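Reminder, nothing fancy here: chain letters follow the sequence lines and each chain counts from 1. Since the model is a prediction, treat every value here as computed from it, not as a measurement.
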Amino acid sequence: MNEPNTPESGSEGDDSSELTGSGLAAEKTRRLTRVDQLRDAGVNPYPYRFDRSHTLAEVRAQWGSLEPGTETETAVAIAGRLMLKREQGKLIFATVRDRSDDIQLFVSKAVVGDDAFADIGALDLGDWVGVEGTVMTTRKGELSVKVTRLELLAKAVRPMPDKWHGLSDTDTRFRQRYADLIVNDEARRAFEVRHAIISSFRRTLADKHFVEVETPVLHVEAGGAHARPFLTHHNTLDMQLYLRIALELHLKRLIVGGMERVFEIGRVFRNEGISTRHNPEFTMMELYQAFGDYSEVMALTEELIVQAARDSIGTTVVDIYDHEGTAHRVDLAESWRKVRMIDLVAEKTGVEVHPSQPVESLRELAATHGVSVNPRWGSGKIIEELFEALAETSLIAPTFVTGHPVEISPLARADRNDPFLTERFELFVGTRELANGYSELNDPVEQRLRFEEEQAAKDAGDAERGTVDEDYLRALEYGMPPTGGLGIGMDRVAMLLAGVTSIKEVILFPTLRPEVF
RNA sequence: GCCCCUUUAGCUCAGUCGGUAGAGCAGCGGACUUUUAAUCCGUGGGUCCAGGGUUCGAGCCCCUGAGGGGGCACCA
């Protein structure tokens, strides 16, 4: 913001700065002066409520097909923000917007009288108004409310962004999301899509008898994923706490407890870089289903997302962008490819790979493809690196990548046919990971060994590896039924269905450096 | 952390070769009883992101820094 500080513009009764200083200061002074005038005239510029009879969409639904030049006797009460104003002698046309639609106001001096006409003329763009009037159409057929009474509901003392261009500066759009939402239809639409997706997920899961739960955000140990956590501190307990990086370990404790089908839609926090695909806080949906395995969860993943597409954008056909920004039209309703990670690597390298192979041979393969490897990595981790470097960018249409090596999947159960692989999948769409799930490891002895390997890697200097979660192991010792689990990045699903390429477009207030005022 | 781009009026944007700041919208004054980003006439509004340098002279050139964007790195 380059806006100069104008303390005098905020103080009532000081009009010495009127029409001086910057345009913004003068404008705010003028509008604040209008607020004073209204109060002096006994009008509250910020009244307490307004009872409307119709939303604007309801008005349009009921009277949208009136013939041009029709006057009705139907009285309505509507409310919204004044977006446009066209004064024409003894008539004023104005556009009012509520969250459902826009509608035109038709104000005639002969109808409302001289004083009210002057008051309406004195409204500023951005003011909130409540309107009583009758439904009509103009000669050109524009559906309008012929105003009989107009009440200021809240005075705007700061001018709105450009009425035609809206806001384009991304910095201002993300910081002042309120202004972005006022003027940019696309911004509003993205968040409507996001809401529709989340509500669709809840419906789909409720139909399948999943129970929605809330588990702690403050964790003693940040587990369930490989990521650097945020640190915080509780004063009374005088202890360090982490913000959660995943929902997984608490939800599986609930499966142990016999809740059978649980899910949570919640914020997780990862102390990592910011990009078009990453925000430090983002929303995960995780679910766990007793007596299921990963193949069942894959089917559910597909169902959740396809249904969310229908519910949010009314179609399953979407444009998916590859890593170069080229759009590919894909019908999500066509069944999704399933392919093992090792087969994708074999496809790209022409060499069969498997985590049972000696690490030296995989290091050589990595070197021939220019993939650098950490000496601590085992065969499984190198295979994952090869996959990410060689295969990930080719995954445009929804693809389940399955069979991750055990080494990189400490919470997933080994493949029933191959002890080196897990019954795990990651869903990739448009080269991005959208979901991750597996047949959950429920053997407490095996889980302890996996945790100990994580701890050893962490102790050896790999900061993002896990620790031994003794309470979680205790829970498993009580017995967890066979379980399928899933995590979906809701922000990325929202990006996919809203058709945007930056995660900031689907997060209302993305993380930014603090603004200097 | 590295590289590239960007920052001019409240908003959207021009700004030539380095010669002292422009438009549209919004605002203000005026005209107009069916407009549609209304139109027409008149008019006010600037820390050119910040600091430093070169120059007779910097929005423009150079250096440093800041915000934002994109890419890389990082990233179950």
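Using a 4.5 Å heavy-atom cutoff, the side chains of A:Trp128 and A:Asp98 are not in contact. Inter-residue side-chain proximity for A:Pro161 and A:Asn184 is flagged as unmet; no heavy-atom pair is nearer than 4.5 Å. With a 4.5 Å cut-off on side-chain heavy atoms, A:Leu486 and A:Phe425 count as touching. Residues A:Leu84 and A:Lys163 are in side-chain contact: their nearest non-hydrogen atoms beyond the backbone lie under 4.5 Å apart. Residues A:Thr399 and A:Leu427 are not in side-chain contact: their nearest non-hydrogen atoms beyond the backbone lie 4.5 Å or more apart.
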For nucleotides 31-38 of chain B, read 5' to 3', which letter fits each nucleotide if B means a protein heavy atom sits under 4.0 Å from the base, S means only the sugar-phosphate is that close, and - means neither? -BBBBBBB

Each nucleotide in nucleotides 69-76 of chain B should get exactly one letter: B, S or -. Can you fill that in based on protein heavy atoms under 4.0 Å? SSS--BBB

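A:Phe509 and A:Phe174 have their aromatic ring centers separated by at least 6.0 angstrom. Aromatic ring centroids of A:Tyr438 and A:Tyr294 lie 6.0 Å or more apart.
Atom pair A:Arg34:CZ and B:rC28:C1' shows a separation of 15 Å (rounding to whole Å applied). In this structure, CG of A:Asp127 is placed 13 Å from C1' of B:rA26, rounded to the nearest angstrom. Atom CD in A:Gln37 sits roughly 11 Å away from atom P in B:rC28 (whole-Å rounding). Between the NZ atom of A:Lys28 and the C1' atom of B:rG10 there is a distance of 10 Å, rounded to whole Å. One atom, OH of A:Tyr178, and another, P of B:rC11, lie 12 Å apart when rounded to the nearest Å. For the pair A:Arg513 CZ and B:rU7 P, the interatomic distance rounds to 19 Å; values are reported in whole Å. Put simply, CG on A:Leu123 is 15 Å from C1' on B:rA26, counting in whole angstrom units. Between A:Arg31 atom CZ and B:rC28 atom C1' there is a gap of 13 Å when expressed in whole angstrom units.
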Reading RNA chain B 5' to 3', what string of ( ), [ ], | and . shows its pairs, if Watson-Crick and G-U wobble pairs count only when both distances fall under 3.5 Å? (((((((..((((.....[..)))).(((((.......))))).....(((((..]....))))))))))))....

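Residues forming a side chain to side chain donor-acceptor pair (under 3.5 Å) with A:Glu505 (at least two apart in sequence, or on another chain): A:Arg173.
Taking a 6.0 Å sphere around CG of A:Asp115, one finds it holds 12 or fewer heavy atoms contributed by other residues, nucleotides or ligands.
Side-chain N/O atoms of A:Asp459 and A:Gln455 include a donor and acceptor closer than 3.5 Å. No hydrogens or angles considered: nothing links the side chains of A:Thr134 and A:Glu73 as a donor-acceptor pair under 3.5 Å. Looking only at atom types and distance, the side chain of A:Asp418 has a donor-acceptor partner in the side chain of A:His354 under 3.5 Å away. Side-chain atoms of A:Thr483 and A:Glu440 form no donor-acceptor pair, as typed in the model, at a separation below 3.5 Å.
Between the side chain of A:Arg31 and the backbone N or O of A:Ala156 there is at least one donor-acceptor pair closer than 3.5 Å. Judged purely by atom type and a 3.5 angstrom limit, A:Arg424 has no side-chain atom pairing as donor or acceptor with the backbone of A:Val406.
Between B:rA50 and B:rA14, the distance separating the two C1' atoms is 24 Å to the nearest Å. Across the P atoms, B:rU6 and B:rC62 are found 12 Å apart, a figure rounded to whole Å. B:rA66 and B:rU47 are spaced 15 Å apart, taking the C1' atom of each and rounding to whole Å. Rounded to the nearest Å, the gap between the C1' atom of B:rU64 and that of B:rG46 is 25 Å. For B:rG18 and B:rG57, the C1' atoms lie 8 Å apart once the distance is rounded to whole Å. Between the P atoms of B:rG70 and B:rG29, the separation comes to 42 Å (whole Å). Nucleotides B:rU7 and B:rC13 are separated by 10 Å at their P atoms, to the nearest Å. Going from the P atom of B:rC40 to that of B:rU35 covers 15 Å, rounded to whole Å.
A salt bridge does not link A:Arg450 to A:Glu454: none of the charged side-chain nitrogens sits closer than 4.0 Å to a carboxylate oxygen.
A:Ile92 comes within contact range of no nucleotide atom at all, as no heavy-atom separation falls under 4.0 Å.
For the atom pair A:Phe428 CZ and A:Phe400 CZ, the distance stands at 12.0 Å (nearest 0.5 Å).
Of the residues in residues 279-287 of chain A, not one places a heavy atom less than 4.0 Å from an atom of RNA chain B.
Each of A:Leu167 and A:Leu125 was assigned the nucleotide of RNA chain B with the nearest heavy atom; the assignment lying further toward the 5' end belongs to A:Leu167.
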Nucleotides 1-5 of chain B: which of its N/O atoms have a protein N/O under 3.5 Å away?
none

